[in-house]
Amino acid sequence: MMGGANYPAVAVDVVSPQFCVSYPVDLSITRKLMTLEDGTFGVTDLNGNLLFRIRGKVFSLHDRRVLLDADGNPIITFQQKLLTAHRRWQVFRGESTDSKNMLFSVRKSSMIQFKTKLDVFMAANSKEDRCDFRIEGSWFERSCAIYAGDTNNVIAQMHKKHSAQSILLGKDTFCVTIYPNVDHAFIVALVVILEEINEDRSGED
């Protein structure tokens with residue numbers, strides 16, 4: 001935990017207020033967590049308690065993922081939208097992919113990027129002339145920040161995790177500090193989408 005830091009008074013409730021707490025939280029996100037029978041990611045707190053997992057739907061027409069809580073209940077579904085100029089993922093409530101249940105979408109801010117920059121648009125922001133949130137930083141360094149809109153208000157910070165556990169787990173573990181009153185499920189979804197976009201080997205947009 002980052003003690004004594006001055007956190008901006010930004011409350012972010014996107015998925016559900018049940019995923020918001022009044023203090024900063026550090027989560028570990030591990031691709032292919034060994035203890036998971038099914039799923040591509042496991043999300044734990046620093047004590048190793050499983051909070052979320054991501055189930056991939058590999059054989060579906062769309063590249064689709066479902067975020068589950070620790071009990072296996074689906075919280076949100078995200079899928080890559082095909083045939084768009086900028087790589088775009090759409091996120092829906094529950095296991096729905098119906099447009100009326102869309103929460104937000106994420107896309108690369110430009111087609112050619114040397115640094116990571118993604119724009120996040122809430123479903124109500126149909127004009128998309130300004131992003132509601134943005135992700136910036138270096139994915140290679142695993143140091144990205146998530147900001148509220150066009151401001152410098154950071155709502156979550158991603159960083160490399162240096163510990164005996166991460167050495168054991170390999171490079172596929174990274175840590176994210178979520179600021180107070182910010183929706184954990186929303187941030188986990190953004191980090192997983194960030195990973196999916198950056199791990200996409202095809203290089204095509």
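Hydrogens, waters and symmetry mates are skipped; everything else that's a heavy atom, side chains included, is used.
One distance of note links CD1 of Ile146 with CG of Leu190; it measures 5.0 Å at 0.5 Å rounding. Between Ile54 atom CD1 and Ile75 atom CD1 the span is 8.5 Å, to the nearest 0.5 Å. Here the straight-line distance linking atom SG of Cys175 with atom CD1 of Ile29 works out to 8.5 Å at 0.5 Å rounding. Here Gln80 contributes atom CD and Ile193 contributes atom CD1; the two are 10.0 Å apart, rounded to the nearest 0.5 Å. In this structure, Met158 CE and Leu194 CG are separated by 5.5 Å, a value rounded to the nearest 0.5 Å. Expressed to the nearest 0.5 Å, how far OG of Ser99 lies from CZ of Phe92 amounts to 7.5 Å.
A donor-acceptor pair is defined here as one N or O able to donate and one able to accept, closer than 3.5 Å; no such pair exists between the side chain of Asn153 and the backbone of Tyr147. Here the side chain of Thr77 pairs a donor or acceptor atom with the backbone of Gly94 at under 3.5 angstrom. In this structure, the side chain of Asp183 does not engage the main chain of Cys20 through any donor-acceptor pair within 3.5 Å. Checked by atom type and distance alone, the side chain of Arg93 pairs as donor or acceptor with a backbone atom of Val15 at under 3.5 Å.
Applying the side-chain contact (heavy atoms from CB on, under 4.5 Å) rule to Ala123 yields the partners Met102; only residues at least two apart in sequence or on another chain are considered. Residues passing the side-chain contact (heavy atoms from CB on, under 4.5 Å) test with Pro17 are Asp13, sequence neighbours excluded. With sequence neighbours excluded, the residues satisfying side-chain hydrogen bond (donor to acceptor under 3.5 Å, both in side chains) with Asn101 are Ser96. Applying the side-chain hydrogen bond (donor to acceptor under 3.5 Å, both in side chains) test to Asn49 and every residue at least two apart in sequence or in another chain returns Asp45. Listed by chain and number, the residues in a ring-ring contact (aromatic ring centres under 6.0 Å, His included) with Phe19 are Phe52 (sequence neighbours excluded). Residues passing the salt bridge (charged side-chain N to carboxylate O under 4.0 Å, His left out) test with Lys100, sequence neighbours excluded: Asp98.
For the pair Pro24 and Ile178, the minimum side-chain heavy-atom distance is 4.5 Å or more. Residues Ile187 and Val182 are in side-chain contact: their nearest non-hydrogen atoms beyond the backbone lie under 4.5 Å apart. Using a 4.5 Å heavy-atom cutoff, the side chains of Arg107 and Glu128 are in contact. With a 4.5 Å cut-off on side-chain heavy atoms, Phe186 and Val120 count as touching. Considering only heavy atoms from C-beta on, Val188 comes within 4.5 Å of Leu27 through its side chain. Inter-residue side-chain proximity for Leu103 and Ile76 is flagged as met; some heavy-atom pair is nearer than 4.5 Å. The side-chain heavy atoms of Val176 and Asp26, taken from C-beta on, include no pair separated by under 4.5 Å.
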Any chance you could lay out the side chain to side chain contact (heavy atoms under 4.5 Å, CB included) test for Arg64 and Thr97, step after step, and finish with the verdict? CA-CA 10 Å; Arg64 187 181 297 178; Thr97 52; 3.8 Å; yes
Criterion salt bridge (Lys or Arg N to Asp or Glu O under 4.0 Å) on Arg65 and Glu95, from CA distance to verdict: CA-CA 9 Å; Arg65 306 278 181 272; Glu95 283 195 283; over 6 Å; no
Output, in order, the C-alpha distance, side-chain angles, deciding distance and verdict of side chain to side chain contact (heavy atoms under 4.5 Å, CB included) for Ser28 and Val43. CA-CA 6 Å; Ser28 291; Val43 183; over 6 Å; no
Audit row: His184, Leu51, side chain to side chain contact (heavy atoms under 4.5 Å, CB included) steps and yes/no: CA-CA 10 Å; His184 298 173; Leu51 303 179; 5.6 Å; no
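No continuous path of hydrophobic side-chain contacts links Phe121 to Val91 [ILVMFWY only; heavy atoms under 4.5 Å].
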Enumerate donor-acceptor pairs with a distance under 3.5 Å from any side-chain N or O in residues 129-136 to protein atoms, sequence neighbours excluded.
unit_1: Arg130; atom_1: NE; unit_2: Asp150; atom_2: OD2; d: 3.0
unit_1: Arg130; atom_1: NH2; unit_2: Asp150; atom_2: OD2; d: 3.3
unit_1: Asp132; atom_1: OD2; unit_2: Met122; atom_2: N; d: 2.8
unit_1: Asp132; atom_1: OD2; unit_2: Asn125; atom_2: ND2; d: 3.1
unit_1: Arg134; atom_1: NE; unit_2: Glu136; atom_2: OE2; d: 2.7
unit_1: Arg134; atom_1: NH1; unit_2: Gly149; atom_2: O; d: 2.7
unit_1: Arg134; atom_1: NH1; unit_2: Thr151; atom_2: O; d: 2.7
unit_1: Arg134; atom_1: NH2; unit_2: Thr151; atom_2: O; d: 3.3

